[in-house]
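Remember, it's 1-based here, ligands and their atoms both numbered in the order they're listed.
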Amino acid sequence: MTASRRTTRRSSPEGGRSRDLALVLAGRTWLEGKIRSIEIGIDEEGTIRAIGRSLQGAPRHDVGESLLLPSATDLHVHFRDPGRESEPEDFATGTLQAALGGVGLVADMPNTRPRVDTLDRLRAKEARVQGRALVDVLLYAAATPRAPIDLLARRAGAFKLYLSPTTDVDEVPTSADLDLLLKRVAATNLPLSVHAENPDRFDREIEPANPPDWNRVRPVDAERAAVDSLRRRPRSLRLHVAHVTDATIAGRLRKEGDSFEATPHHLLLSMRSGDGAKFKVNPPLRSERQRRALWEAFVRGAVPCLASDHAPHSPDEKQRPFPLAPSGMPNVETMLPLLLARVRAGDLPLPVLLAAACDRPARWIGQPRGRIAIGHRADLLVVDFRERRTIAARGLHAPCGWTAFEGWEGIFPREHYLRGRRIVEGGEFVGDPDGTIVRPEFAPDRSAPQPRSITE
Ligand code: NCD
Ligand code: ZN
């Protein structure tokens, strides 16, 4: 279908403008409070130009009873590229998992080897994306006291600040450095994601042997203290707090109007969900009571963003004694399927998921995508809620070869369109490595274009 694209002039009853369409996708979607039939007209550049009940002329693909949904934007992945020889991931393998899991844009963290804290290293990472990425990529640069923030801001898509040690991060800014750093990042107008744990609150007396111990070593109190230390930031800073695990912290950030994310593992797993280092992650998995409170906040729409914190480690690394094993788990391929299965089960409203997985993450990084709306990118999924699958590591594409969600139910997209081109068909990748590097195109909720939206 994509090969035989013709361009047809069509008027759009709801878009109100006549445009050249290269493809019409027909199906059903979430529209003004219910599931309705819809046709989406896409132009040659891969932008949505018309939305209507019946658009004719252009090559047409009817997905029948299946849903047409926007693809997700994942603000938090670690694709380990460049990394060690033994590293079980790179941009090719990471973006394949993203494509198959319905994620059309990933934001890659800077704690690679080497760390992305100079312009040369940023350029070197860009070169590794080009010609290899299967979906779009935004690159974070590391916000450290010694990094050339202004120079990095010319090419990076966003900054990442680590307030505590974690994988490949040993040094964190002092309290005095922090204020200046926040000012310097605010002046660039780029978004800043913060790993908010305060290591002064870690309990170094405990020798951790399992996930509940890890929760005592790095308690919620450490997250609260780190979030407090961000209060002195300039108001203009586009702040986003990564992997929030606690509903009271979520409530506080929301009141202050800050962006933040929750991960599928903090929403669905507790510290008792599994033993061993595969369940070791930063921040730690919390108690079942805390997990449930976070999940309830998410279901109410009180958590702005969903992000995977996809952080694979090889089985050998994870088999080391618990205190020495690295933290992190793979998640980019399973994030949306796990949550779509919760929608099917009736536990989560579809519009809440679409806002958290698609719309708000894209807004935070100033990208016109994440909604089925005129002027938005035609980054779309075809989802059939009848196609349930039991998640098993052998059916996934993570080179690390394991998942903490073994045996869970997932609903994987049947098709995935990137810029109007089909990259996944029948659950298989059928596209080309033409993912592009993206940067913010507008400030969220300030100069953002206001395309007509039908997903909220
Ligand atoms: C991440 C990793 O391995 O890169 N690990 C993790 O436990 N989440 C780093 C991080 O996000 O802290
Ligand atoms: Zn992370």
Side-chain angles (χ1 to χ4, degrees), residues 74-84 86-91 93-94 98 103 106-117 125 138-144 158-172 192-199 202 208 211 213-215 217-218 222-223 226 240-245 260-269 271 273-274 276-286 305-318 320 322-332 334-335 361 398-400 402-404:
D74 187 348
L75 294 177
H76 194 155
V77 302
H78 301 268
F79 283 169
R80 316 288 192 213
D81 195 352
R84 287 160 285 187
S86 62
E87 211 83 82
E89 202 74 277
D90 59 27
F91 279 112
T93 61
V103 175
V106 291
D108 184 62
M109 288 295 172
N111 61 330
T112 33
R113 291 191 175 205
R115 182 168 65 188
V116 183
D117 56 1
K125 200 179 222 190
L138 175 141
L139 295 176
Y140 284 97
T144 69
F159 283 100
K160 176 68 184 278
L161 166 62
Y162 289 92
L163 293 181
S164 84
T166 186
T167 309
D168 292 330
V169 177
D170 305 317
E171 236 185 299
V172 297
L192 174 74
S193 172
V194 180
H195 181 124
E197 289 182 283
N198 182 336
F202 291 173
D213 288 349
W214 195 236
N215 174 47
V217 173
R218 299 173 73 125
E223 274 186 73
H240 173 92
V241 178
H243 39 50
V244 168
T245 69
F260 60 97
E261 74 199 24
T263 69
H265 45 279
H266 293 113
L267 289 166
L268 300 173
L269 304 175
M271 63 192 189
S273 294
K278 284 182 182 164
F279 293 81
K280 183 181 183 191
V281 63
N282 295 335
L285 299 175
R286 306 300 187 192
C305 300
L306 176 73
S308 72
D309 191 7
H310 174 86
H313 295 280
S314 71
D316 285 354
E317 289 276 299
K318 282 291 198 181
R320 296 172 72 195
F322 195 94
L324 303 177
S327 291
M329 55 174 73
N331 236 336
V332 69
T334 41
M335 172 175 76
C400 71
W402 59 275
T403 170

May I ask you to identify, for [X], whether its side chain, its backbone, both or neither come under 4.0 Å of ligand 1 on a heavy-atom basis?
| X | result |
| --- | --- |
| Lys280 | neither |
| Met329 | neither |
| Asn111 | side chain |

Note the single closest protein heavy atom to [atom], along with its residue, its atom name and the distance in Å.
| atom | answer |
| --- | --- |
| atom 5 (N) of ligand 1 | Ser327 O, 3.1 Å |
| atom 8 (N) of ligand 1 | Asp309 OD2, 2.7 Å |
| atom 3 (O) of ligand 1 | Thr167 OG1, 2.7 Å |
| atom 11 (O) of ligand 1 | His78 NE2, 3.2 Å |

Would you check if [X] and [Y] make a side-chain contact, meaning some heavy-atom pair closer than 4.5 Å?
| X | Y | answer |
| --- | --- | --- |
| Thr112 | Arg84 | no |
| Asp309 | His266 | no |
| Val106 | His310 | no |
| Asp74 | Pro361 | no |
| His313 | Thr167 | yes |

- Rounded to 10 degrees, what angle sits at the Zn ion (ligand 2) between His78 NE2 and Asp309 OD1?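 It comes to 90°.
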- Selected option - heavy-atom contact closest to atom 4 (O) of ligand 1, from Arg80, Lys160, His265: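 Heavy atom nearest to atom 4 (O) of ligand 1 belongs to Arg80.
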- Message: Can you check which of Thr166, Asn282, Asn331 brings a heavy atom nearest to atom 9 (C) of ligand 1?
- Response: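 Of the listed residues, Thr166 has the closest heavy atom.
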- Relative to each other, are the rings of Tyr162 and His195 parallel, tilted or perpendicular (30° and 60° limits)?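 Aromatic pair Tyr162/His195 classed tilted.
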- For Ala311, counting its heavy atoms only, list the atoms of ligand 1 lying under 4.0 Å from any of them.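 This gives 1 (C), 2 (C), 3 (O), 5 (N) as the contact atoms.
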- Message: Closer than 4.0 Å to some heavy atom of Gly328 - which atoms of ligand 1 meet that?
- Response: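 In order of number, 5 (N), 6 (C), 7 (O).
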- CG on Asp81 to NZ on Lys125, rounded to 0.5 Å: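 Lys125 atom NZ to Asp81 atom CG measures 7.5 Å (nearest 0.5 Å).
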- CD on Glu197 to OG1 on Thr245, rounded to 0.5 Å: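 So the gap between those two atoms works out to 8.0 Å.
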- Message: Under 4.0 Å, counting heavy atoms only: does His313 come that close to any atom of ligand 1?
- Response: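 Judged by the 4.0 Å heavy-atom criterion, His313 does count as contacting ligand 1.
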- Item | Residue His243, metal the Zn ion (ligand 2), N/O/S under 2.8 Å |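 False for His243.
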- Query: Any luck finding a side-chain donor-acceptor pair between Asn331 and His265 under 3.5 Å?
  - Reply: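 Indeed, the side chains of Asn331 and His265 share at least one donor-acceptor pair under 3.5 Å.
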